[in-house]
Peer 1: 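First, the structure itself, so that you have it in front of you.
Excluded from the calculations below are hydrogen atoms, water molecules and symmetry mates; all remaining heavy atoms, backbone and side chain alike, are included. Quick caveat, the model's predicted, so the values are computed rather than measured.
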Amino acid sequence: MKVLAFDTATRATAVALELAEEEPPLEARDDPPADQRPRHTTRLLALIAELLEQGGTSFDGLERIAVGVGPGTFTGLRIGIATARALAQARGIPLVPIPTLLSLALNGARARADGLDIQTVLPLIDARRGEVFAALWSTERLELAPSLAARAIKPEALAELLQTSADIQPATTLAIGDGALAFREVVERAGVVVPADGSELHRVTAANHCRLARSLAPRHPEQIRPCYLRSPDATPQTASSR
């Protein structure tokens with residue numbers, strides 16, 4: 001199955017192209033410096049075109065498109081989902097929504113396969129406002145619903161939850177993602193393992209989206225909605241507030 005996947009839920013623009021299930025996907029990404037704004041608008045379509053050319057295929061050869069639906073930044077999600085809808089509708093390609101936290105959690109399963117003593121994985125995306133987007137999965141049952149449903153939460157409240165829940169063992173829990181990096185001190189105080197700052201386990205990767213796209217059901221493009229988990233940082237002024 002040929003799958004084009006991309007994610008714009010975080011600052012990064014991540015794109016992958018899977019040409020065959022038994023082959024690793026081709027990948028391209030843009031990670032802007034910390035002092036620069038995300039470049040989803042200018043880089044997403046360029047990276048897609050780059051991978052299609054590298055893979056010797058075109059949109060007509062694709063069997064599925066997979067897009068990250070968050071949670072994540074409002075602007076980034078709007079750009080990614082609008083692009084996915086347009087491409088899917090114009091080309092008649094089935095479109096699969098991918099929960100970004102679930103995709104990130106697959107990195108934890110990979111760490112377990114590499115020998116790390118991990119039973120649960122805690123993907124964390126920096127939600128700004130001093131919060132993280134979080135969920136918790138068993139590394140052996142990622143196909144099931146998370147044992148901690150996706151939510152926006154203060155790191156301190158999350159740490160308390162991790163320490164007081166009878167169903168969570170912090171010592172065998174791996175926290176990954178830019179949220180784990182932003183709040184490393186708080187998360188590690190709860191006893192949770194956080195990989196080194198430079199570890200690729202922290203990256204949202206569209207290659208994981210390709211894997212998930214094989215098992216998740218496509219949806220009509222108009223049914224694909226971003227998962228915000230909370231209200232926007234800024235809301236339009238009402239007449240009474242002007």
Peer 1: Please assess R11 against D31 for the test salt bridge (charged side-chain N to carboxylate O under 4.0 Å, His left out), listing each intermediate value before the final yes or no.
Peer 2: CA-CA 7 Å; R11 288 175 47 79; D31 290 284; over 6 Å; no
Peer 1: Check whether any side-chain N or O of E63 sits under 3.5 Å from a backbone N or O of K2 as a donor-acceptor pair, and report yes or no.
Peer 2: yes
Peer 1: Does Q163, at its CD atom, have more than 12 non-hydrogen atoms belonging to other residues, nucleotides or ligands within less than 6.0 Å?
Peer 2: yes
Peer 1: Determine whether the side chains of R43 and T13 contain a donor N or O and an acceptor N or O closer than 3.5 Å.
Peer 2: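 Looking only at side-chain atoms, T13 and R43 do not form any donor-acceptor pair under 3.5 Å.
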Peer 1: How many angstroms lie between CD1 in I224 and CG in L77, if you round to the nearest 0.5 Å?
Peer 2: 12.5 Å
Peer 1: Spell out, as yes or no, whether a donor-acceptor pair under 3.5 Å connects the side chain of R29 to the backbone of V204.
Peer 2: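 Flag set: sc R29 to bb V204 pair under 3.5 Å.
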Peer 1: With a sphere of 6.0 Å drawn around CZ of R214, does it hold more than 12 non-hydrogen atoms of other residues, nucleotides or ligands?
Peer 2: yes
Peer 1: Without hydrogens or angle criteria, can the side chains of Q89 and E222 be said to hold a donor-acceptor pair below 3.5 Å?
Peer 2: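 There is such a pair between these side chains.
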Peer 1: Show, in sequence, the C-alpha distance, side-chain angles and deciding distance for F59 and I48, and conclude whether the side chain to side chain contact (heavy atoms under 4.5 Å, CB included) test is met.
Peer 2: CA-CA 10 Å; F59 287 110; I48 290 173; 3.8 Å; yes
Peer 1: So does L144 get a backbone contact from the side chain of W137, meaning a donor-acceptor N/O pair under 3.5 Å?
Peer 2: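 The answer is yes, because a donor-acceptor pair under 3.5 Å joins these two groups.
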Peer 1: Give a yes or no on whether the backbone of A213 and the side-chain of R64 come within a donor-acceptor separation of less than 3.5 Å.
Peer 2: yes
Peer 1: Donor-acceptor pair, S165 side chain versus L161 backbone, under 3.5 Å?
Peer 2: no
Peer 1: Going through the distances and angles, do V121 and L142 end up as a side chain to side chain contact (heavy atoms under 4.5 Å, CB included)?
Peer 2: CA-CA 9 Å; V121 57; L142 285 169; 4.2 Å; yes
Peer 1: Quick check: are there more than 12 heavy atoms from other residues, nucleotides or ligands sitting under 6.0 Å from CZ of R211?
Peer 2: no
Peer 1: Of all heavy-atom pairs between I98 and A66, which one has the smallest distance, and what is that distance?
Peer 2: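 Smallest interatomic distance, heavy atoms only, reads CG1-CB, 3.8 Å.
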Peer 1: Starting from the C-alpha separation in whole Å, work towards a yes-or-no answer on salt bridge (charged side-chain N to carboxylate O under 4.0 Å, His left out) for D126 and R128.
Peer 2: CA-CA 6 Å; D126 189 354; R128 311 305 175 189; 2.9 Å; yes
Peer 1: For residues 190-209, which residue pairs qualify under side chain to side chain donor-acceptor pair (under 3.5 Å), counting only residues two or more places apart or in two chains?
Peer 2: D7-H209, E27-T205, S103-H209, N107-N208, R184-D197
Peer 1: Is there a side-chain hydrogen bond (donor to acceptor under 3.5 Å, both in side chains) between T120 and T173 once you walk through the steps?
Peer 2: CA-CA 5 Å; T120 50; T173 297; 2.6 Å; yes
Peer 1: Find out if a path of hydrophobic residues (ILVMFWY) with successive side-chain heavy-atom gaps under 4.5 Å connects L201 to V187.
Peer 2: no
Peer 1: Between V3 and L102, is there a shared hydrophobic cluster once you connect ILVMFWY residues whose side-chain heavy atoms come closer than 4.5 Å?
Peer 2: no
Peer 1: Residues two or more places apart in sequence or in another chain: which of them pass side chain to side chain donor-acceptor pair (under 3.5 Å) with T8?
Peer 2: none
Peer 1: Output the distance between atom CG (L162) and atom CD (E160), rounded to the nearest 0.5 Å.
Peer 2: 10.0 Å
Peer 1: Other residues, nucleotides and ligands only: do more than 12 of their heavy atoms fall within 6.0 Å of CD on Q36?
Peer 2: yes
Peer 1: Check this for me: E185, atom CD, are more than 12 non-hydrogen atoms of other residues, nucleotides or ligands nearer than 6.0 Å?
Peer 2: no
